[in-house]
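In each ligand, atom 1 is the first atom listed, and ligand 1 is the first ligand listed.
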Amino acid sequence: MTDAPGRQHWVSAETSGAALPSSTDIVVVGGGIAGTAMAYYLAKGGAEVALIERGELNREASGTNAGSFHLQLAIHQLSGQGTEADRDRLLAEARLSLEAFEVWRELGKELGGSLDVHLTGGWMVAETPEQLRILRDKHELEERAGIETEVVGGDELGARAPYLSPGLLGATYCPMEGHANPLVVAPLYALRAAENGAVVRTHADVRAIEVHRSTGSRRFTVHTGAGPIDAHRVVDCAGAWAGELAGMVGIRLPVRSEGLHVNVTEPRPPMFTPMIQHIGRRLTLKQTENNTFIIGGGWPTPTAPQPKRYPTSWRSAAGNTAVAVSVVPGLADVRVVRTWSGVIVFTDDFSPVVGESVRVPGFHACVSSTGFTFSPLFARQLAEQMLSPSAASPFPQRYSLDRGPAFPTNRMEQT
Ligand SMILES: Cc1cc2nc3c(=O)[nH]c(=O)nc-3n(C[C@H](O)[C@H](O)[C@H](O)COP(=O)(O)OP(=O)(O)OC[C@H]3O[C@@H](n4cnc5c(N)ncnc54)[C@H](O)[C@@H]3O)c2cc1C
């Protein structure tokens, strides 16, 4: 990370290992990009905040992802665009991409350090006439939302992207897409949060959350392996485990988790700059500034119970790289040097979970599947709202924490 010489780059073990305070205004649970960003924006805005992580910072999805900015609408978003309401939702999501892009463009400056942000542009390719039709519809929606994309096919695609397979029928190009380094973003957010007064504590797993009925005291007692902490408000940034955390206060979030693969190759001379995605097959592909290729796109891994790491699978590694070679034939003799897995949170309705619960006031969440791209924006928006609670919520109803079915019995412990 390039920064002023002599400047500290990480929250020190001494700081993150210190005793928990007995109380605070806001407890943020989860030390990934969402939790560290929340802690940063809240602390910078003057709130008293404690970030609690059960392991080390940035060890789960935020430090194991592929680092891509996914700004073009994806196939899962487009699959239900039959009605006008669907189109309105898609337009809103496309506009959100613009806002996320603006946050990322300024984030290195905001945090005072390099995040290896590269706005390289991105292709989304189509192999079949049906996929090309979806790309054209997508382009039309993005244009209406103000996102710059273009549909490119035939000889023009061959001339502009000679590295792509000649078998492809077309692609959309979006100049805003790109990538950043997932290994440095959350740690830098955490460091800046601590510099702004946030308490940052690792190795403190949240085991239970008590919700108090009396109004005079703090509403929550968060019980951790490192002791209890009282708080007026709690923010659930537990990523793939966000459902478990919300379950502690009786909220059933509409989330599930899945293990995903990423592969990285040996370096090769520069072959292409833009990120490459496929509209119909699982692929994200980019050549990094180190000239290695990062190949991902959502290939599954077997699961393993926490605290075990999810294993990798040859079937996924082979399937993922086969799609990459079919799209960029020049990769055929490039060797994969490492494959790893990470655990991602998915919502069944594809919307993120962001805002404050109506069922359990004071309990908030900031959870999203494309969370490397969108967590900085969502965390900033949620922090702004928490700092001025009378302001109207910027989040649509479909992001609600309470949209899942209630638990059959009231599991919320009231004291
Ligand atoms: C392999 C892979 C590739 C991906 N690629 C991309 C991509 O290219 N672009 C993109 O935009 N997104 C991508 N994503 C998604 C993105 O990484 C996540 O959406 C994002 O990192 C979520 O951040 P988070 O902070 O919410 O969760 P996490 O980073 O998972 O952090 C949650 C934290 O909460 C902690 N925690 C959980 N329970 C407790 C508890 N009870 N007590 C204390 N702490 C707790 C965990 O230990 C963890 O550190 C990818 C994800 C994976 C897995």
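Summarising the geometry of S257 relative to A240, their closest heavy-atom pair is CB-CB, 3.6 Å, with the distance given to 0.1 Å. The shortest non-hydrogen separation linking F69 to A180 is CZ-CB, 3.6 Å.
For E244, no heavy-atom contact with ligand 1 is shorter than 4.0 Å. By the criterion of a heavy-atom distance under 4.0 Å, the backbone of C237, and not its side chain, is placed next to ligand 1.
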Stepwise, does the side chain to side chain donor-acceptor pair (under 3.5 Å) test hold for W340 with Y310? CA-CA 9 Å; W340 71 90; Y310 278 25; over 6 Å; no
List the steps and the verdict of side chain to side chain donor-acceptor pair (under 3.5 Å) for H364 and Q385. CA-CA 11 Å; H364 300 69; Q385 207 213 348; over 6 Å; no
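Where the criterion is an N or O separation shorter than 3.5 Å, residue side chain and backbone included, R59 fails it with respect to ligand 1. The shortest N or O to N or O distance between G371 and ligand 1 is below 3.5 Å. In terms of polar-atom proximity, A66 is counted as a contact of ligand 1, with an N or O under 3.5 Å from an N or O of the ligand. Below 3.5 Å of separation, one finds no N or O of T64 facing any N or O of ligand 1. The shortest N or O to N or O distance between L245 and ligand 1 is not under 3.5 Å.
Results of the side chain to side chain donor-acceptor pair (under 3.5 Å) test with E177 over K286, Q277, H70, H118 single out Q277 as the only residue that passes. When each of V185, L71, L377 is checked for a side-chain contact (heavy atoms from CB on, under 4.5 Å) with W104, only V185 meets the rule.
Per-residue contacts place G31 under 4.0 angstrom from the following atoms of ligand 1 (heavy atoms of the residue considered): 33 (C). Ligand 1 places these atoms under 4.0 Å from at least one heavy atom of A238: 32 (C), 34 (O), 37 (C), 38 (N). Near V29, meaning under 4.0 Å from any of its heavy atoms, are these atoms of ligand 1: 42 (N), 43 (C), 44 (N). Near E60, meaning under 4.0 Å from any of its heavy atoms, are these atoms of ligand 1: 30 (O), 46 (C), 47 (O), 48 (C), 49 (O). Those atoms of ligand 1 that come under 4.0 Å of a heavy atom in T370, given as number and element, are 10 (C), 11 (O), 12 (N). Near G342, meaning under 4.0 Å from any of its heavy atoms, are these atoms of ligand 1: 53 (C). Of all atoms in ligand 1, listed by their number and element, those nearer than 4.0 Å to a heavy atom of S68 are 7 (C), 8 (O), 9 (N), 10 (C), 11 (O).
Note on ring orientation: taking the six-membered ring where Trp is involved, the planes of Y189 and Y40 are tilted (angle from 30° to 60°).
Here the CD1-CG distance, from I295 to L283, works out to 8.0 Å after rounding to the nearest 0.5 Å.
Between D236, N65, V353, L57, it is N65 that holds the heavy atom closest to atom 14 (N) of ligand 1. Compare A61, S368, S369 by their heavy atoms: the one nearest to atom 15 (C) of ligand 1 is in S369. The nearest non-hydrogen atom to atom 22 (C) of ligand 1, considering only G239, S62, A34, comes from S62. Selection from V262, V206, V343, T224 by nearest heavy atom to atom 42 (N) of ligand 1 gives V206.
Evaluation of the salt bridge (charged side-chain N to carboxylate O under 4.0 Å, His left out) rule for E143 yields no partner, not counting sequence neighbours. Residues passing the salt bridge (charged side-chain N to carboxylate O under 4.0 Å, His left out) test with E56: none are found, sequence neighbours excluded.
At least one heavy atom of A204 sits closer than 4.0 Å to an atom of ligand 1. Under the 4.0 angstrom criterion for non-hydrogen atoms, G296 is not in contact with ligand 1. Look at G55 and you'll find every heavy atom at least 4.0 Å from all atoms of ligand 1.
Between S351 and T347, the side chains place no donor N or O within less than 3.5 Å of an acceptor N or O (distance only, hydrogens not considered). Judged by distance alone, the side chains of H261 and T301 never bring a donor and an acceptor atom under 3.5 Å apart. A donor atom on one side chain and an acceptor atom on the other are found under 3.5 Å apart for T15 and S12.
Comment: R380 does not engage E99 in a salt bridge, judged by the lack of any side-chain N to carboxylate O separation of less than 4.0 angstrom.
Atom 35 (C) of ligand 1 has E53 OE1, 3.2 Å as its closest protein atom, hydrogens excluded (heavy atom only). Shortest contact from atom 16 (C) of ligand 1 to any protein heavy atom: F372 N, 3.7 Å. The protein atom (non-hydrogen) at minimum distance from atom 34 (O) of ligand 1 is G30 CA, 3.2 Å. Closest protein heavy atom to atom 36 (N) of ligand 1: R54 NE, 3.9 Å.
K138 places no side-chain N or O within donor-acceptor distance of the main-chain N or O of T172, the cut-off being under 3.5 Å.
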